[in-house]
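For reference, the structure is listed below as structure tokens.
Residue numbers start at 1 and run along the sequence shown. Since we're looking at a predicted model, the values are computed, not measured.
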Amino acid sequence: MNNLPATTRTFHYGELEFSEAIMIGGVPHLTRLAIGEWLEYADPQTSIDTIVSRNPHILEFQLPSLLMATDGKKYETFVYNPTGFLLIAMESAQPKAIELKIAIAKFVAHFTQAPQIKMNDYRSIRNRITALVKSIVKETDPVSVLEHWEEIVYLCDLIGKPYPNIKLMRQVVEQLTLMGGIDILLPNGKKAKGGDE
């Protein structure tokens, strides 16, 4: 355990939001309070302690940590990595835990029941996604953007690929275009010269 106290912060990931987390090696570790509050227990810390004591396999995913309270006092506690959080939630009967279990089950079912795609079809789908991404990056019509995005989502789900970050791609193209003296390949396949000409 580090002798220097860590200061907790809120942590957000998608729709998940936790009141207390510390980063260890770039990985969020959650306090018992944060997990218990997320699961909406009346007594968050005690409820998590009960779950962990009944399920000792979770101990493997906790780390001792010295934290700084808001009043400036130091206290020792345990924090849980994402696997620990998931195991705690899986042992909980709280409504949010049940929603999480159902979401995980649907995720697993989606990818285990996915149709087997032949390599040529897979390549065709990847090429179509690439073409749609190139189109959507330069598109200004909101209806066309939405239509392209819906097709991208469908195709990415079909082959089990993450969705592309269109906003980031647009920012990169805009930023590169502003840089001087650099040839930039735009989404339409044409080259744009950086700098004044």
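L30 and L33 fall into different hydrophobic clusters, defined by Ile, Leu, Val, Met, Phe, Trp and Tyr side-chain heavy atoms under 4.5 Å apart, directly or through other members. Note on Y163 and L158: same hydrophobic cluster, where clusters join Ile, Leu, Val, Met, Phe, Trp and Tyr whose side-chain heavy atoms are under 4.5 Å apart, directly or indirectly. Note on F61 and F11: same hydrophobic cluster, where clusters join Ile, Leu, Val, Met, Phe, Trp and Tyr whose side-chain heavy atoms are under 4.5 Å apart, directly or indirectly. Under the 4.5 Å side-chain heavy-atom criterion for Ile, Leu, Val, Met, Phe, Trp and Tyr, V27 and F85 are members of distinct hydrophobic clusters. Transitive grouping of hydrophobic side chains (ILVMFWY, heavy atoms separated by less than 4.5 Å) keeps Y41 and I98 in distinct clusters.
The main-chain N or O of Q94 is found under 3.5 Å from a side-chain atom of S92 such that the two form a donor-acceptor pair. Panel note: side chain K96, backbone W38; a donor-acceptor pair is recorded below 3.5 Å. One N or O on the side chain of D141 and one on the backbone of S144 form a donor-acceptor pair closer than 3.5 Å. At least one donor-acceptor pair under 3.5 Å links the side chain of S53 to the backbone N or O of D49.
Using a 4.5 Å heavy-atom cutoff, the side chains of Q62 and V52 are in contact. With a 4.5 Å cut-off on side-chain heavy atoms, M90 and I104 count as touching. Proximity of K161 to I129: side-chain heavy atoms (C-beta onward) are nowhere separated by under 4.5 Å. At least one side-chain heavy atom of I48 sits under 4.5 Å from a side-chain heavy atom of I88. Between H57 and L87, some side-chain heavy-atom pair lies under the 4.5 Å cut-off. Residues R9 and E20 have side chains not in contact (no heavy-atom distance under 4.5 Å, counting atoms from C-beta outward).
Across P28 and P82, no two heavy atoms sit closer than the pair O-CD, 3.4 Å. Contact between P164 and V133 at its shortest, heavy atoms only, is CG-CG2, 3.6 Å.
Aromatic rings of F18 and Y13 (six-membered ring for Trp) have centroids beyond the 6.0 Å cut-off, not under it.
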Given side chain to side chain contact (heavy atoms under 4.5 Å, CB included), test N55 with I58 step by step and report yes or no.
CA-CA 6 Å; N55 300 279; I58 296 173; 3.8 Å; yes

Could you please spell out the steps behind the side chain to side chain contact (heavy atoms under 4.5 Å, CB included) verdict for T77 and L66?
CA-CA 6 Å; T77 189; L66 187 61; over 6 Å; no

Can you list, pair by pair, the side-chain donor-acceptor contacts under 3.5 Å of residues 149-156, counting residues two or more places apart and other chains?
| residue | atom | partner | partner atom | Å |
| --- | --- | --- | --- | --- |
| E151 | OE1 | R128 | NH2 | 3.1 |
| E151 | OE2 | R128 | NE | 2.9 |
| E151 | OE2 | R128 | NH2 | 3.4 |

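A distance of 11.5 Å separates CG of L132 from CD1 of I125, quoted to the nearest 0.5 Å. For the atom pair H29 NE2 and I22 CD1, the distance stands at 7.5 Å (nearest 0.5 Å). Distance CD/E17 to CD/E37: 10.5 Å, rounded to 0.5 Å. Separating the CG atom in L86 from the CG atom in N81 is a distance of 10.0 Å, to the nearest 0.5 Å.
In this structure, a donor-acceptor pair under 3.5 Å is absent between the side chains of T31 and Y80.
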